[in-house]
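Have a look at the structure below before the remarks.
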Amino acid sequence: MDRSRYPDRWEEFSRYIRFDRAGGFCEWCGAENGKPHPVTGSRVVLTVAHLDYAGGVCDCEARTGRKCAEKGHVRALCQLEHLRIDVPRHRFNARRTRAARAGQIWLGDLEAR
């Protein structure tokens with residue numbers, strides 16, 4: 001996590017979303033923070049996910065270069081749900097990294113526009 005891309009007082013905002021608003025549960029699948037995940041069995045760690053995937057409700061980072069602290073732009077999610085919405089971004093970044101390591105010119109940034 002690159003803290004320079006997040007708003008001031010992010011930790012306070014994140015805690016509010018995860019525990020006050022969501023009550024310690026994933027807002028999509030209901031997994032409880034600190035308990036075994038019902039699907040994966042791993043210990044649940046709630047995260048705050050920005051809904052900035054393709055077609056999502058948040059375009060703040062694309063417009064400003066920084067993540068936002070808008071309550072309607074985020075959800076408290078378990079790791080599994082957070083990774084699910086970030087899959088396209090992870091694939092894109094992995095392709096960029098592989099190209100750079102191979103000394104190739106990366107044109108994917110143009111594809112993403």
Side-chain angles (χ1 to χ4, degrees):
M1 180 173 159
D2 179 357
R3 298 244 184 235
S4 69
R5 292 176 38 221
Y6 287 79
D8 297 335
R9 301 179 68 182
W10 175 254
E11 289 78 16
E12 181 180 328
F13 176 76
S14 172
R15 196 169 22 269
Y16 165 79
I17 295 297
R18 292 177 292 136
F19 299 110
D20 294 337
R21 185 176 87 183
F25 292 89
C26 177
E27 291 182 293
W28 284 0
C29 76
E32 186 176 359
N33 188 62
K35 304 285 177 143
H37 193 281
V39 173
T40 67
S42 62
R43 186 176 65 89
V44 173
V45 177
L46 285 181
T47 63
V48 175
H50 283 87
L51 304 180
D52 57 358
Y53 51 89
V57 299
C58 179
D59 67 350
C60 299
E61 186 175 19
R63 286 186 297 101
T64 68
R66 290 182 54 126
K67 299 283 189 178
C68 72
E70 298 288 330
K71 294 175 187 174
H73 292 190
V74 298
R75 295 293 178 270
L77 300 180
C78 66
Q79 307 97 299
L80 179 63
E81 298 296 351
H82 197 155
L83 286 171
R84 283 181 176 166
I85 66 169
D86 283 350
V87 163
R89 181 178 307 187
H90 288 287
R91 284 185 184 144
F92 181 87
N93 289 338
R95 288 178 56 208
R96 175 190 290 156
T97 299
R98 284 192 299 274
R101 287 182 180 156
Q104 298 172 342
I105 295 173
W106 174 249
L107 300 177
D109 288 325
L110 297 176
E111 292 173 15
R113 293 178 187 192

Handout entry: side-chain contact (heavy atoms from CB on, under 4.5 Å) between Cys26 and His37, intermediate numbers included
Key = CA-CA 10 Å; Cys26 177; His37 193 281; over 6 Å; no
Fill in the blank from the handout: For Phe13, the ring pair (Phe, Tyr, Trp, His ring centres under 6.0 Å) test, sequence neighbours excluded, returns Trp10
Which residues pass the side chain to side chain contact (heavy atoms under 4.5 Å, CB included) test with [X], not counting sequence neighbours?
X	result
Ala99	Gln104, Trp106
Glu32	Phe25, Lys35
Thr97	Arg101
Ala49	Leu77, His82, Ile85

State which residues pass salt bridge (charged side-chain N to carboxylate O under 4.0 Å, His left out) with [X]; sequence neighbours excluded, sorted by chain then number.
X	result
Arg43	none
Arg98	none
Arg84	Glu81

Handout entry: Residues clustering with Val44 (ILVMFWY side chains joined when closer than 4.5 Å, directly or via others)
Key = Leu46
Handout entry: Shared-cluster residues of Val39, by chain and number - hydrophobic side chains joined below 4.5 Å
Key = Leu80
Exercise for the section: Can you tell me which residue pairs pass the salt bridge (charged side-chain N to carboxylate O under 4.0 Å, His left out) test with a partner in residues 4-13, sequence neighbours excluded? Expected result: Arg3-Glu11, Arg5-Glu61, Arg9-Glu12
Practice task
Scan for salt bridge (charged side-chain N to carboxylate O under 4.0 Å, His left out) pairs involving residues 13-30, sequence neighbours excluded, and state none if there are none.
Solution key: Arg21-Glu27
Practice task
Enter the distance from Cys58:SG to Glu70:CD here, rounded to the nearest 0.5 Å.
Solution key: 8.0 Å
